[in-house]
Asker: 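One structure is given below, represented as structure tokens, and several questions about it will come after.
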There are 2 protein chains.
Amino acid sequence: MRIADPLQDSCAGAATRDCRHGLATNGCEDCKVRLFSVCAALEAPELEELDRISQAREVPARTTLFEQSALAGSVFNVTEGVVRLYKSLPDGRRQIVGFALPGDFLGLALQDRYGVTAEAVTAVAVCRFARPAFLAYVDDKPHLLRRLHEFAGHELSLAQEQMLLLGRRTAEEKIAAFLLNMQARYARIGTVSVTVPLPMSRQDIADYLGLTIETVSRTLTRLAREKAVLIVPDGVRLLDLERLKLAGAS
Amino acid sequence: MRIADPLQDSCAGAATRDCRHGLATNGCEDCKVRLFSVCAALEAPELEELDRISQAREVPARTTLFEQSALAGSVFNVTEGVVRLYKSLPDGRRQIVGFALPGDFLGLALQDRYGVTAEAVTAVAVCRFARPAFLAYVDDKPHLLRRLHEFAGHELSLAQEQMLLLGRRTAEEKIAAFLLNMQARYARIGTVSVTVPLPMSRQDIADYLGLTIETVSRTLTRLAREKAVLIVPDGVRLLDLERLKLAGAS
DNA sequence: TGAGGGCATTGATTTGCATCAATGCCGGGG
DNA sequence: CCCCGGCATTGATGCAAATCAATGCCCTCA
């Protein structure tokens, strides 16, 4: 099966990264570069152990990786594709709390149950760790623990930023912030381009920003009409960054 | 100075808790019970070291403990009172991302800058740790690191729940969920009562739930009119829990 | 090739909450 | 005692975004 590659756009040459477990940036045969990985320096014996407890897995779009309130049996590192994380209300209302891109960890909260559901938006490749093995591996490595903790802290910061967005920003500000944020995230994993890939549906974007599909669509077309963006297949080209930053600034 | 005590309400006898640093539940002279503290078992020598790097502090209402994007120099544990944590937009819009009650930690994200501003809502007592000392103390104690990490994971879960609330719930659902949540939190620190203390202003509640003061006020009076709650000075008495849970359930 | 389903766009209309505005309550200070 | 300022409540009105509804554009598949 061919894996959809969100990195391919305008970055074909440099996009050949396939770190299997996302935990190292050096010493690992499989790893090229992963700037935002959890641990920047693991030694060879540790890496071998890591390889033993990790398991690469590829799944097609719309696959559920784990479900909210299920027993948290695995920790995942996304290596290819996009995953949506969401919570649902009994009546079907949905809030996407984040999109995981290559390099992101899932289930790191280290609680006994998952707090969200994780679904592949595109075809996805992940590296799976059995939780007990992962915990055992991590437990006597303070530098790794520290790093994981910082990672969690960063996640929390992002969540708080998203609360500000959901609670206090207008539709246009939400869209602008979302586009700029996606561009920044793709840039970090190697896709530097004014064209931001948007592999998720309008419904996903709406459920992430606390809007409806119609409002997302209208706001995007308005931004396009005003020459702030250009809507292209599966993405958006950012034209007037100043205009967007004006709306989306933190 | 007399410290305002959110625990006093209907719990006068059991409310004599004054854990100075919030990091232990046994072996510590100063500690009575702190069920949700970070570490349930620290040994005597470790506690002495902890005491050396901690510093009790009492501040009046409206004091700023730290400001968004300031260098994170301290970690705090709240021992008395209520603290609001918020982010602001340049034009003054504000989103409160959480209220810290006794036992809660502030600045645990372990990033070099604070992501939010922390202000005392009531008079507040905190235990302050210098960050470098705290990090040094914690660094070679894997069990503590683990516990801190779990703590951060829990925070993240709460943040995600709040995103669902901000993005997808109606005004009435937001208020109901808020009241039930506050009751649960006070119950955990010893105040078991149908009367939930609300030491923060309507503006604070509005900024927490992504509403306006007027909507908060109207929704509360509607709930009161419908006999779901009874509004009392500095708080709300919950009358019809079923009705509230119907609206506020996760 | 054309029926049918999924998704996005666009328009018309409604509505939940915000905004604007007035009043009331209370506590502190002269 | 009364004035004042801060906060909460309540009512009238406005508006941004939701809802309802129609259309179009791919796809896929028979």
Side-chain angles (χ1 to χ4, degrees), chain A residues 4 60-62 82 84 89 91-96 119 121-123 165-179 197-226 229-236 247, chain B residues 4 60-62 84 89 91-96 119 121-122 165-179 197-226 229-236 247:
Chain A
R62 315 187 119 266
V82 178
R84 63 179 163 239
L89 254 14
D91 64 2
R93 282 176 289 176
R94 182 179 72 154
Q95 178 66 44
I96 292 183
E119 265 177 24
V121 171
T122 63
L165 180 146
L166 289 168
R168 288 300 181 220
R169 288 172 119 101
T170 65
E172 183 173 314
E173 290 171 335
K174 288 175 176 182
I175 296 284
F178 172 67
L179 295 178
L198 295 181
M200 68 290 291
S201 71
R202 293 289 189 264
Q203 186 63 64
D204 284 339
I205 298 175
D207 284 347
Y208 182 52
L209 301 177
L211 299 170
T212 58
I213 27 174
E214 293 95 330
T215 300
V216 171
S217 182
R218 271 187 255 273
T219 306
L220 276 175
T221 55
R222 177 152 29 85
L223 287 173
R225 194 162 49 235
E226 295 169 6
V229 304
L230 178 67
I231 297 166
V232 298
D234 298 317
V236 164
Chain B
R62 314 186 120 266
R84 62 179 165 240
L89 254 15
D91 64 2
R93 281 175 290 175
R94 182 180 72 155
Q95 178 67 42
I96 291 182
E119 266 177 22
V121 171
T122 62
L165 180 146
L166 288 168
R168 287 301 180 218
R169 293 178 116 109
T170 66
E172 183 173 314
E173 290 170 334
K174 288 176 176 181
I175 296 283
F178 172 66
L179 294 178
L198 295 179
M200 69 291 288
S201 71
R202 293 289 190 266
Q203 185 64 65
D204 285 338
I205 298 175
D207 284 348
Y208 182 53
L209 301 177
L211 299 170
T212 58
I213 26 174
E214 294 95 329
T215 299
V216 171
S217 183
R218 270 187 256 273
T219 307
L220 277 175
T221 56
R222 177 152 29 84
L223 287 174
R225 195 161 48 238
E226 296 169 5
V229 304
L230 178 67
I231 297 167
V232 298
D234 297 317
V236 164

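These numbers come from the heavy atoms of this one structure, side chains and all, not from hydrogens, waters or symmetry mates. By convention in this document, chain letters (A, B, ...) are assigned in the order of the sequence lines, proteins followed by strands, and residues within each chain are numbered from 1.
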Asker: Report the distance from atom CG of A:Leu166 to atom C1' of D:dA16, rounded to the nearest whole Å.
Answerer: 16 Å
Asker: Classify the side chain of B:Arg218 and the base of C:dG16 as holding, or not holding, a donor-acceptor pair under 3.5 Å.
Answerer: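 Donor-acceptor pair under 3.5 Å: no.
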Asker: Is any side-chain N or O of A:Glu214 under 3.5 Å from a base N or O of D:dC20, one able to act as donor and the other as acceptor?
Answerer: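 By the distance-only test, yes, there is a pair.
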Asker: Measure the distance from CZ on B:Arg93 to C1' on C:dT19 and round it to the nearest whole Å.
Answerer: 14 Å
Asker: Check every atom of D:dT9, C:dT10, C:dA18 against the side chain of B:Ser217 and return the nucleotide holding the closest atom.
Answerer: D:dT9
Asker: Nearest-Å distance, CG (B:Leu223) to C1' (D:dT9)?
Answerer: 15 Å
Asker: Choose from D:dG11, C:dC17, C:dC7 the nucleotide whose nearest atom is closest to any side-chain atom of B:Ala171.
Answerer: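 So the nucleotide nearest the side chain must be C:dC17.
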Asker: Give a yes or no on whether the backbone of A:Arg168 and the side-chain of B:Arg93 come within a donor-acceptor separation of less than 3.5 Å.
Answerer: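 It does hold such a pair.
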Asker: Just so I know, are the side chains of B:Glu172 and B:Ile175 near enough to count as touching, which here means a heavy-atom distance under 4.5 Å?
Answerer: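 Side-chain contact under 4.5 Å: no.
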Asker: Report the nucleotide, chosen from C:dA8, C:dC7, C:dC17, that has the shortest atom-to-atom distance to any side-chain atom of A:Arg202.
Answerer: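 Of C:dA8, C:dC7, C:dC17, C:dA8 is nearest to the side chain of A:Arg202.
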Asker: To the nearest Å, give me how far apart CD1 (A:Ile213) and C1' (D:dT19) are.
Answerer: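 In whole Å, D:dT19 C1' and A:Ile213 CD1 are 11 Å from each other.
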Asker: Send over the distance from A:Arg222 CZ to C:dT10 P, rounded to a whole Å.
Answerer: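 Computing the A:Arg222:CZ to C:dT10:P distance gives 12 Å.
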Asker: Going by heavy atoms in the side chains, are A:Asp207 and A:Met200 under 4.5 Å from each other?
Answerer: no
Asker: Pick the closest DNA chain C nucleotide for A:Arg225 and for A:Arg168 by heavy atoms, then say which residue is nearer the 5' end.
Answerer: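 The residue closer to the strand's 5' end, by nearest nucleotide, is A:Arg225.
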Asker: Applying the side-chain contact (heavy atoms from CB on, under 4.5 Å) criterion to A:Asp204, which one of A:Leu209, A:Leu198, A:Ile96, A:Val82 satisfies it?
Answerer: A:Ile96
Asker: Would you mind reading off the distance between B:Glu173 atom CD and C:dG16 atom P, rounded to a whole angstrom?
Answerer: 12 Å
Asker: If only atom types and distance count, is the side chain of A:Arg62 paired as donor or acceptor with the main-chain N or O of A:Ala123 below 3.5 Å?
Answerer: no
Asker: Report the distance from atom CG of B:Asp207 to atom C1' of C:dA18, rounded to the nearest whole Å.
Answerer: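 Interatomic distance, CG of B:Asp207 to C1' of C:dA18: 13 Å.
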Asker: Which part of the nucleic acid, if any, lies within contact of B:Thr212, taking any heavy atom under 4.0 Å across all strands shown: a base, the sugar-phosphate backbone alone, or nothing?
Answerer: base
Asker: Using a cut-off of strictly less than 4.0 Å, decide whether B:Thr215 has a side-chain nitrogen or oxygen near OP1 or OP2 of C:dA18.
Answerer: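 Affirmative; the distance criterion is met.
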Asker: What is the distance, to the nearest angstrom, from the CZ atom on B:Arg169 to the P atom on D:dA18?
Answerer: 17 Å
